[in-house]
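Step one of this worksheet: look at the structure below.
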Amino acid sequence: GAGVSQSPSNKVTEKGKDVELRCDPISGHTALYWYRQSLGQGLEFLIYFQGNSAPDKSGLPSDRFSAERTGGSVSTLTIQRTQQEDSAVYLCASSFPLRGFSYEQYFGPGTRLTVT
Amino acid sequence: QQQVKQSPQSLIVQKGGISIINCAYENTAFDYFPWYQQFPGKGPALLIAIRPDVSEKKEGRFTISFNKSAKQFSLHIMDSQPGDSATYFCAASIGNTGNQFYFGTGTSLTVIP
């Protein structure tokens with residue numbers, strides 16, 4: 001079956017431009033996560049969606065970052081007025097919580113964002 | 001503040017040797033400790049995971065050792081193979097919150113033929 005897909009795989013943008021990154025989770029997975037992975041760093045949690053609950057936005061680094069999830073499926077991460085420090089790989093993951101426990105996360109291949 | 005501290009940052013092992021990666025945590029509420037394997041250009045993939053009610057879990061050549069009192073856990077890769085060369089991340093979470101997974105900074109493993 002299809003795994004988590006992300007698009008685009010690579011994105012080069014000029015400083016100050018807005019970008020949109022897309023994530024298609026595994027069908028039926030109600031939980032969706034966005035992470036940022038910078039060179040030599042671990043995965044930095046950005047935002048979490050679970051079903052119809054309000055998203056946990058506690059990891060978003062600034063108000064330039066926002067995300068939405070339409071119809072409980074596809075998610076879009078938007079970065080406004082991009083800065084060079086936003087350059088990183090943005091990873092999306094989905095999971096199917098069982099009795100409230102979210103264990104195995106399935107990651108997409110990521111979008112490599114380069115801000116010039 | 002790094003919730004999960006991982007070491008070493010990089011590791012070079014001869015084929016057939018044992019690779020050991022260590023992680024430490026502070027939050028005693030963590031109750032799920034997965035390890036992820038990431039190849040270049042790919043997203044991380046779950047390798048093996050443990051819950052704190054056991055001290056060891058083994059799956060093939062991969063073993064997690066868990067020391068609850070020391071708040072440490074480690075990944076052992078027995079008979080390391082060149083195909084194991086990848087970046088490994090440990091993580092910790094509080095299972096019933098569902099959302100917060102805290103990842104270590106990763107270990108780049110190179111297995112020399």
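Side chains are part of it too, since the values below use all heavy atoms of this structure and drop only hydrogens, waters and symmetry mates. Each chain gets a letter, A, B and so on, in the order the sequences are listed, and its residues count up from 1.
For Pro34(B), no part lies near chain A; criterion is any non-hydrogen pair under 4.5 Å. When heavy atoms are compared at a cutoff of 4.5 Å, Leu91(A) approaches chain B solely by way of its side chain, counted from C-beta outward. Residue Gln6(B) does not touch chain A at all, counting heavy-atom pairs closer than 4.5 Å.
Taken together through direct or relayed side-chain contacts under 4.5 Å among Ile, Leu, Val, Met, Phe, Trp and Tyr, Leu75(B) and Phe30(B) form part of one hydrophobic cluster. Under the 4.5 Å side-chain heavy-atom criterion for Ile, Leu, Val, Met, Phe, Trp and Tyr, Ile77(B) and Phe66(B) are members of the same hydrophobic cluster. Both Phe65(A) and Ile47(A) are part of a single hydrophobic cluster, where members link through side-chain heavy atoms under 4.5 Å apart. Both Ile50(B) and Ile48(B) sit in one connected hydrophobic cluster of ILVMFWY residues. Membership requires side-chain heavy atoms under 4.5 Å apart, directly or through other members. At a threshold of 4.5 Å between side-chain heavy atoms, the hydrophobic network of Ile, Leu, Val, Met, Phe, Trp and Tyr places Leu113(A) and Leu77(A) in one connected group.
Top candidate by heavy-atom pairs under 4.5 Å with chain B, chosen from Gln37(A), Glu44(A), Arg112(A), Gln6(A), is Gln37(A).
With ring centers used as reference points, Tyr36(B) lies under 6.0 Å from Phe107(A).
Residue Glu14(A) qualifies as open at atom CD: its count of foreign heavy atoms under 6.0 Å is 12 or below. Counting non-hydrogen atoms of other residues, nucleotides and ligands closer than 6.0 Å to CG of Asn52(A) gives a total of 12 or fewer. Within a 6.0 Å sphere centred on CD of Gln9(B), other residues, nucleotides and ligands contribute 12 heavy atoms or fewer.
Close approach to chain A, defined as a heavy atom under 4.5 Å from one of its heavy atoms, is seen in Phe103(B), Gly104(B), Thr105(B) of residues 103-113 of chain B, taken by number.
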query = Does the pair Phe101(B) and Phe45(A) meet the rule for a side-chain contact (heavy atoms from CB on, under 4.5 Å), with working shown?
reply = CA-CA 7 Å; Phe101(B) 278 73; Phe45(A) 167 78; over 6 Å; no
